[in-house]
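In what follows, residues are counted from 1 in the order of the sequence shown.
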Amino acid sequence: MERTVANQKTGKPISERKLLGIVGTGWLFDAMDVGILSFIITALTLDWGLSSQQAGWIGSVNSIGMAVGAFVFGIMADRVGRRTVFMITILIFSIASGLSALAASYLIFVVLRFFIGAGLGGELPVASTLVSESVAPERRGRMVVLLESFWAVGWLLAAIISYFVIPDYGWRVALLLTAIPALFAVFLRKNLPDSPSYTKLKQKTSVMAGIRQLLAKGFAKRSMMLWIVWFCIMLSYYGMFLWLPSVMVEKGFDMVRSFEYVLIMTLAQLPGYFSAAWLIEKVGRKPILIIYLIGTAISAVLFGNAESASMLLTAGMLLSFFNLGAYGILYAYTPEQYPTAIRATGSGIAATAGRIGGILGPLLIGYRGSLGISVSTVFLLFCVTVLIAAVAVWLLGEETKGKTLA
């Protein structure tokens, strides 16, 4: 039987599926913006004559904003509630995203990307915490991974918009098409209830006490594990996926053809998420996360060394399948490591560690030319990074399947 969550304002219950749809819609629009950025970097480089280093900083400044947002809003969500922070972050994201379409210079665009990142970085860990706390234990993992699958739909829409809009109408129109619908998510969340776990919480932990508790006995090992895994998976994700269209162009494809190939690769994210959503309750969080991380590592090596179009496409699809599946499992796994009083803080700081990796990943690609590093070598580094994450889960991780969140 499907569980319902009471709305504190209206008193009316909201089903788990409706909660997933409301939260997931915002997640979708967020993904559209991040996804469109990977295509816009290619267009901006041609339009504004950017160097590879300048292009790399666009993705990295976005990740700096996400790191700040994850840290600040994660802590804030344990103080004022998940729903309140959820609304604040989508507003910041939507307004800054719309303004970025009007940016007259590289500097203005980069500054706005920081605020877009702050809103996005704060929203994602808070959203997964809210859904995790609102769903029955036996369905929690599946629901959070399905929430993450909205990310793939957003990336797919971004790829479609980029393919049909950017070549003929330019990147500004593409950005407006992704920013305006995000305001609709604000309306959808107007009557969204806060999580039952947070509503029942009688005593809130202070900011410094919450941070200290993450490294206290009982939580230190799981915190270190999460920080390592988040750092590694985001370094590889943002390093690889923000640069996919650019790497395709470098391998000899024109901009339109590279967009077309990335669109096909993006489709592979959906079965990656859906398979992870099914397996996470059947196999468990820890083993299935390790399997998908290893799959990501192997796919990264194959993609970096691919020469033919068919091999490039196949490796790219495998990369999308495993990397995004692992991402979804990690979002389900993270909130389960902490009690309600510090759950959003723990999730936010873990995501912050990840965003540091997200800062370094795009820069690694952007500066590789001046460092004399080939594409295959960079993707080999991404492979090693993801394998480190798999080892961290194996050695330090604990299975949390079916446990009730305290």
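To the nearest 0.5 Å, atoms OG1 (Thr385) and CD1 (Ile228) are separated by 12.5 Å. Of the inter-residue distances, the one linking Met76 atom CE with Arg82 atom CZ reads 12.5 Å to the nearest 0.5 angstrom. Note that CG of Leu44 and OH of Tyr106 are 9.5 Å apart. Values are rounded to the nearest 0.5 Å. Atom CD1 in Ile40 sits 7.0 Å away from atom CZ in Arg113 (nearest 0.5 Å). With values rounded to the nearest 0.5 angstrom, Ser97 atom OG is found 4.5 Å from Ile116 atom CD1. In this structure, CG on Leu289 lies 12.5 Å from CG on Leu279, to the nearest 0.5 angstrom.
Judged purely by atom type and a 3.5 angstrom limit, Glu123 has no side-chain atom pairing as donor or acceptor with the backbone of Phe86. Checked by atom type and distance alone, the side chain of Thr84 never pairs as donor or acceptor with a backbone atom of Gly81 at under 3.5 Å. Of the possible donor and acceptor atoms, one in the side chain of Glu399 sits under 3.5 Å from a partner among the backbone N and O of Arg285. Using modelled atom types, one side-chain atom of Arg172 and one backbone atom of Ala101 make a donor-acceptor pair closer than 3.5 Å. Checking side-chain atoms of Arg355 against main-chain N and O of Ile64 turns up no donor-acceptor pair under 3.5 Å. Of the possible polar contacts, none joining the Ser94 side chain to the Leu91 backbone as a donor-acceptor pair under 3.5 Å is found. A donor-acceptor pair under 3.5 Å is formed between the side chain of Arg222 and the backbone N or O of Gly218.
Aromatic ring centroids of Trp27 and Tyr331 lie under 6.0 Å apart. Checked against a 6.0 Å centroid threshold, the rings of Tyr333 and Trp230 do not count as neighbours.
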### Message
For Ser105 and Ile108: C-alpha separation, side-chain torsions, deciding distance, then whether side chain to side chain contact (heavy atoms under 4.5 Å, CB included) applies.
### Response
CA-CA 5 Å; Ser105 69; Ile108 294 172; 3.4 Å; yes
### Message
Checking Glu398 against Lys286 for the salt bridge (Lys or Arg N to Asp or Glu O under 4.0 Å) test, could you report, in this order, the C-alpha distance in whole Å, the side-chain angles of both residues, the deciding distance, and whether it holds?
### Response
CA-CA 7 Å; Glu398 298 177 6; Lys286 181 177 176 178; over 6 Å; no
### Task
Test Trp227 against Ser223 for side chain to side chain contact (heavy atoms under 4.5 Å, CB included), laying out the working first.
CA-CA 6 Å; Trp227 297 348; Ser223 292; 4.0 Å; yes
### Task
Could you go through the side chain to side chain contact (heavy atoms under 4.5 Å, CB included) check for Leu293 and Leu387 one step at a time?
CA-CA 7 Å; Leu293 287 171; Leu387 287 177; over 6 Å; no
### Task
Report the C-alpha separation of Ile36 and Ser162 in whole Å, then their side-chain angles, then the decisive distance to 0.1 Å, and conclude whether the side chain to side chain contact (heavy atoms under 4.5 Å, CB included) test is met.
CA-CA 7 Å; Ile36 207 86; Ser162 300; 3.2 Å; yes
#### Entry: Trace of the ring-ring contact (aromatic ring centres under 6.0 Å, His included) decision for Phe379 with Phe382
CA-CA 5 Å; Phe379 275 79; Phe382 289 143; 5.6 Å; yes
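Between Arg140 and Glu336 there is a salt bridge, since a side-chain N of the basic residue sits under 4.0 Å from a carboxylate O of the acidic one.
Taking all atoms of both residues into account, the shortest heavy-atom contact from Thr334 to Ala350 is CG2-CB, 4.3 Å. Contact between Ser376 and Asn305 at its shortest, heavy atoms only, is CB-OD1, 3.6 Å. Residue Thr352 comes nearest to Phe71 through the heavy atom pair OG1-N, 3.1 Å, listed as atom of the first residue, atom of the second, then distance. Nearest heavy atom pair, residue Ser134 against residue Glu16, reads O-OE2, 4.1 Å. In terms of heavy atoms, Thr45 sits closest to Ala55 at OG1-CB, 3.8 Å. Taking all atoms of both residues into account, the shortest heavy-atom contact from Gln269 to Ser320 is CG-CB, 3.7 Å.
Here the options are Ile298, Thr296, Leu324, the test is side chain to side chain contact (heavy atoms under 4.5 Å, CB included), and the partner is Leu319; only Thr296 passes. Looking at Val144, Val126, Leu146 one by one, the single match for side chain to side chain contact (heavy atoms under 4.5 Å, CB included) with Val131 turns out to be Val144. For the side-chain hydrogen bond (donor to acceptor under 3.5 Å, both in side chains) criterion with Glu133, the lone passing option out of Ser195, Ser128, Ser197 is Ser195.
Counting heavy atoms of neighbouring residues, nucleotides and ligands inside a 6.0 Å radius, atom CZ of Phe115 does not exceed 12 of them. The number of heavy-atom neighbours closer than 6.0 Å to CH2 of Trp394, taken from other residues, nucleotides and ligands shown, is 12 or below.
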